[in-house]
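Heads up: the structure comes next, in structure tokens.
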Protein chains: 2
Amino acid sequence: MGDHVSGKGLKRAQLARWTGCNLETIRYYEKIGMMPEPPRTASGYRVYDATHVARLRFILRGRELGFSIEELRGLMRLVDRGTQTCAEVKAMTDQHLADVRAKIADLKRIEKVLAATAAQCSGEEVPECPVLEALAS
Amino acid sequence: MGDHVSGKGLKRAQLARWTGCNLETIRYYEKIGMMPEPPRTASGYRVYDATHVARLRFILRGRELGFSIEELRGLMRLVDRGTQTCAEVKAMTDQHLADVRAKIADLKRIEKVLAATAAQCSGEEVPECPVLEALAS
DNA sequence: ATAAGGTCTGTAGCAACTACAGACTCAAGA
DNA sequence: TCTTGAGTCTGTAGTTGCTACAGACCTTAT
């Protein structure tokens, strides 16, 4: 099938390879309305162009940064309408950043407890274990 | 209905309040075999005792520390058989700790990118936004 | 012509819950 | 005694974000 961009139009697997996205995930994003429905060949195959590549990259990059699908949907709606403002986007980003920091704090708390407890383990072939005691407490 | 421990035996809502667990989650843990099936009253109501309280606390504490249901199932199987050793439990804990640290690292990476990008925002009512540019890149 | 691969659809599965509908039971007040 | 309100029962569906099938097409290369 050859992966060179022949004139124009990518098939689904090509878009997947191009963006690093999973094949099925592309169809999923279309189903939930994150990706526009692409035109089809006469036999029903999806045909993607540069706008689809850009859109998918936007989603993937957003997901990498931990934005939820709904957050990204909101961002994209603004952009699609051309009504986005830096103020609004920054507010969403700051909110998301706060969520991320809260998650980090939570994981650090967990890490502390686990590390402190595991440090008390003898690591021997004995039934007593500080970890189990911590869970049973 | 009164929430004092009348002689012995808690109903489901009492166990929930006692442990801070969600009402439905108790039934869920029973369904997936994390909690033993409790005895029932003549009319079919579940009746819990101290062993159920202890078991549920174990699960909830483990979940708070980020252990998966399957990890906890493994731990509990060992304990139920009395075959657990500190060595084995410590190994599971260390593995889990490594997972937690990996998650922290990932979130910190995200935090850095978000903070750095948001810091470049003007925050004004203008359409250009560094966050959107970062997502589109 | 045929075989191998790509694509199509719909659907089911994952984790770990959470919530609801509709039926039943139980205890207390009028 | 009747009623009312709360608690409980069951099964099932929804959540988030994918991922992976099955079975039917289509396309391409040999």
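Throughout, a chain's letter reflects where its sequence line sits, starting with A, and its residues are numbered from 1.
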Rounded distance (Å) that lies between atom C1' of dT7(C) and atom CG of Leu15(A): 14 Å

Pair Asp106(B) + Arg109(B), salt bridge at N-O below 4.0 Å: yes

Whole-Å distance separating the CD atom of Glu37(A) from the P atom of dT7(C): 18 Å

Glu70(A) bridged to Arg73(A) by N-O distance under 4.0 Å: yes

Electrostatic pair Asp80(B):Arg55(B) at N-O distance under 4.0 angstrom: yes

Phosphate contact (dC17(C) OP1 or OP2) by Tyr29(B) side-chain N/O below 4.0 Å: yes

Exam field: side chain Gln84(B) to backbone Pro127(A), donor-acceptor pair closer than 3.5 Å: yes

Shared hydrophobic cluster for Val79(A) and Val126(B) (ILVMFWY, side-chain gaps under 4.5 Å): no

No-hydrogen, no-angle side-chain donor-acceptor test under 3.5 Å, Asp49(A) and His52(A): yes

Nucleotide nearest Ser43(A) when distance is taken to its side chain, options dC8(C), dC17(C), dC26(D): dC26(D)

side-chain N/O Arg46(B) vs dC9(D) OP1/OP2, d < 4.0 Å: yes

Whole-Å distance separating the CD1 atom of Ile26(B) from the P atom of dA16(C): 18 Å

Ile32(B) CD1 to dA15(C) P, straight-line distance once rounded to whole Å: 9 Å

CA sep, side-chain torsions, deciding dist, call: Lys108(B), Glu111(B), salt bridge (Lys or Arg N to Asp or Glu O under 4.0 Å): CA-CA 5 Å; Lys108(B) 277 188 173 170; Glu111(B) 188 210 355; over 6 Å; no

Pair Lys90(A) + Asp94(A), salt bridge at N-O below 4.0 Å: yes

Members of residues 54-68 of chain A that approach DNA chain D, where some heavy atom sits under 4.0 Å away: Arg63(A), Ser68(A)

Under 4.0 angstrom between Arg12(A) side-chain N/O and dG5(C) OP1 or OP2: no

Test: Arg27(A) and Glu30(A) ion pair at under 4.0 Å: no

Letter per nucleotide, 5' to 3', of nucleotides 18-23 of chain C [B base touched, S only sugar-phosphate touched, - untouched; heavy atoms, 4.0 Å]: BBB---

